[in-house]
Amino acid sequence: MLTHWIGGKAVPSAGGDGIEVLDPATGRIIEEIPRGTAEDVDQAVAAARDAAPAWAALTPPQRRAALLQAAGALRAERDRFARLLVEENGKPLREALAEVDAAAGVTASYAELAVHARSGAQQGGTGELNFQYRQPRGVAACIVPWNFPVAVGVENLAPNLAVGNAVVIKPSEKTPLATRELVERAFGHLPPGTCNVLLGDGPSAGDHLISHAQVDVVVFVGSERTGRHIAEVCGRDLRKAVVELGGKDAFIVDDTVDLAQAVALAKVAKYTASGQICTSPERFFVTGRVFEPFVEELTAASRAMRLGPGADEGTDMGPLIDQTQRARVTEHVATARSAGATVHCGGEPVDGPGFFFPPTVITNADTDLPVMTDETFGPVAPVVRVADFDEAIERANDSRFGLSAMVCTESAPRAMLALERLRAGMIKINTNRGKAPGATSEPFNASGLGHGYGVEFLHELSREKSVHWRSHL
Ligand code: NAD
């Protein structure tokens, strides 16, 4: 059974109960991890608590040096981490390598950002100065999902470490391998206890961790359901929490675009990670004139995708993470079909081992169906005809989520209208990319609470005092 990583060493669980980790491409058991007990949580938090003061006392450039070393280790061992990602998550190797590279970049960028982040200062009157004095919060609990175990893991580890917090990270019980390995191998040179991995599931390890009295800040990335629970628990305890949740992103295509390019972008955005990205487009709004050709070309492009295990070179798209996820995707499509929607390709789970579901394009799905309202988190593209750009924006905003949105247009006024009106934290115009290093965003509605990136995230993870200083009594 895999061990926790606590206080700079491998630590077996205090309990005997285990959870099986599966290879999504075959359904085979590849590892077992502890469920994580209250005693394990206590031990991990105590290690972080002990390590926190010394880590906080380092100068920002000293912490930067340690993080740049971690970024170097991520780059040096990219193959090892990527192969673990393929094994436990199922994504194609090239996506896994890109994820590790992104994680190395994120680590380096937070290392720099924390050194250069300045506090504000203003004059309080003659001979009086008022300024912000920023300190680490102490112990951070990071709880992360299974879709980008390394990238999302590092997006939460690196900023916490950069501002001087000690961390306990709990990876998803579905994908613990790469995170466990990465903390030991890439962050293992940090002082013992500064960065700990606690293995286990939500109800045992996770719940104890978020309500632990010695945890100062909880950073959560995951589903709306768990996020609401965590926000409630932390709210009750008055503990700081940042929660980044799911989405139901819109992809808008207007009639000014080159259709082939819009379809190529839609295909990459929709099918990367088999559609299991919080910012995958989940509703396509296409204006009248280009609607039919868009559906036709996206269907052809979807049919041409080769499904297979992530380790195979010819694979365009891997499996879904597990049977639960596949059942959800299957149900969204089946419900739409029985309500009269047209399924242009895909639509049924693939027979055989593993949790494969094919690229699927559907039209005529009613707005109140789960495939239009709830996060599907799979390779399903519901395409909706809209009369014009205004209607596209209106329909895009008709959602309880507000994580991000994509807009394909050659019209600058329409692009401006979109960024002004869309109720989403990240607006991607003619691109699949939502943020450059240092950028920040705050989700709308049920997609989260607080800033998840950039210098604003560093501020969320640290405590600011206002100091008003007069030169004499
Ligand atoms: P999830 O909420 O089921 O689990 C996420 C993590 O929370 C896991 O580590 C899990 O063990 C833990 N957890 C579950 N119950 C808990 C509890 N009661 N207390 C404490 N921890 C608990 O989400 P998931 O299925 O792993 O991930 C998919 C979701 O994550 C999707 O909704 C996706 O949109 C979202 N996501 C959001 C972002 C973002 O940046 N907004 C990024 C990636 C994924």
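Counting convention: from 1, in listed order, for ligands and their atoms alike. The shown structure was predicted, so the numbers you read here are calculated from the model rather than taken from an experiment.
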Worksheet item: Atoms of ligand 1 less than 4.0 Å from Asn147 heavy atoms?
Response: 43 (C), 44 (C)
Discussion item. If the cut-off is 4.0 Å to any non-hydrogen atom of Pro171, which atoms of ligand 1 fall inside it?
Written reply: 9 (O)
Discussion item. Under 3.5 Å between any N/O of Lys174 and any N/O of ligand 1: does that happen in this structure?
Written reply: no
Practice prompt. Name the option, out of Phe148, Phe401, Phe220, that contains the heavy atom nearest to atom 7 (O) of ligand 1.
Written response: Phe220
Item to complete: Just jot down the ligand 1 atoms closer than 4.0 angstrom to any heavy atom of His229, in number order.
Response: 17 (C), 18 (N)
Worksheet, complete the sentence: Closest to atom 25 (O) of ligand 1 among protein heavy atoms sits Trp146 NE1, 2.9 Å
Worksheet entry | Heavy-atom nearest neighbour in the protein, as seen from atom 35 (C) of ligand 1, with distance rounded to 0.1 Å | Gly222 O, 3.2 Å
Fill in: Atom indices of ligand 1, in the order listed, that fall short of 4.0 Å to a heavy atom of Glu173
10 (C), 11 (O)
Worksheet item: Out of Leu209, Val243, Asp322, Asp207, whose heavy atom is nearest to atom 19 (N) of ligand 1?
Response: Asp207
Worksheet item: Which residue holds the protein heavy atom closest to atom 6 (C) of ligand 1, what is that atom called, and what is the gap in Å?
Response: Val144 O, 3.5 Å
Worksheet item: Do His451 and Ser441 have side-chain N/O donor and acceptor atoms under 3.5 Å apart?
Response: no
Practice prompt. Report, in ascending order of atom number, the atoms of ligand 1 lying under 4.0 Å from any heavy atom of Ile143.
Written response: 6 (C), 7 (O), 9 (O), 12 (C), 20 (C), 21 (N)
Worksheet, complete the sentence: atom 4 (O) of ligand 1: closest protein heavy atom, distance to 0.1 Å, is Thr226 OG1, 4.4 Å
Worksheet item: Which ligand 1 atoms, with their elements, are less than 4.0 angstrom from a heavy-atom of Tyr453?
Response: 40 (O)
Practice prompt. Quick one: look up the protein heavy atom nearest atom 33 (C) of ligand 1 and list residue, atom name and how far away it is.
Written response: Phe377 CZ, 3.4 Å
Practice prompt. Taking only Lys NZ, Arg NE, NH1 and NH2, and the carboxylate oxygens of Asp or Glu, determine whether Glu77 and Arg185 approach each other closer than 4.0 Å.
Written response: yes
Discussion item. Take a 6.0 Å sphere around CZ of Arg433 and say whether it holds more than 12 heavy atoms from other residues, nucleotides or ligands.
Written reply: no
Discussion item. Quick check with a 6.0 Å cut-off and a 45 degree axis cone: is Lys91 positioned over the face of Phe148's six-membered ring?
Written reply: yes
Item to complete: For atom CD of Glu464, decide whether the heavy atoms of other residues, nucleotides or ligands shown that lie under 6.0 angstrom number more than 12.
Response: yes
Worksheet entry | Atom pair OG/CD1 of Ser204 and Ile19 - distance to nearest 0.5 Å | 6.0 Å
Practice prompt. Hey, can you tell me if Phe294 and Phe251 have their rings parallel, tilted or perpendicular (30° and 60° cut-offs)?
Written response: tilted
Discussion item. Just to confirm my output: which protein heavy-atom neighbour is closest to atom 23 (O) of ligand 1, and how far is it?
Written reply: Ser223 N, 3.3 Å
Worksheet entry | Residue and atom name of the nearest protein heavy atom (relative to atom 41 (N) of ligand 1), distance in Å to one decimal | Leu245 O, 2.7 Å
Worksheet item: Hey, are Arg326 and Gln323 close enough side-chain-wise for a donor-acceptor pair under 3.5 Å?
Response: yes
Worksheet item: Should you measure from each heavy atom of Leu403, which atoms of ligand 1 turn up under 4.0 Å away?
Response: 41 (N)
Worksheet entry | Check: Thr226/Ser223 side-chain N/O donor and acceptor closer than 3.5 Å | yes
Worksheet entry | Which of the ligand 1 atoms, numbered from 1, are nearer than 4.0 Å to a heavy atom of Gly246 | 32 (O), 34 (O)
Fill in: Output field: ring centroids Trp146/Phe377 closer than 6.0 Å
yes
Practice prompt. Would you check if the side chain of Asp40 reaches a backbone N or O of Thr37 as a donor-acceptor pair within less than 3.5 Å?
Written response: yes
Worksheet item: Looking at atom 32 (O) of ligand 1, what's its closest protein heavy atom, distance included?
Response: Glu375 OE1, 2.6 Å
Discussion item. Just to be sure I'm reading this right: ignoring hydrogens, which of Ala151, Gly206, Ala205 gets closest to atom 21 (N) of ligand 1? Compare them by their nearest heavy atoms.
Written reply: Gly206
Worksheet item: Hey, looking at atom 36 (N) of ligand 1, which of Ser404, Cys278, Pro443 has the closest heavy atom?
Response: Cys278
Worksheet item: Would Arg228 and Glu232 pass as an ion pair if we require N to O under 4.0 Å?
Response: no
Fill in: Lys248 and Glu282 ion-paired at < 4.0 Å
yes
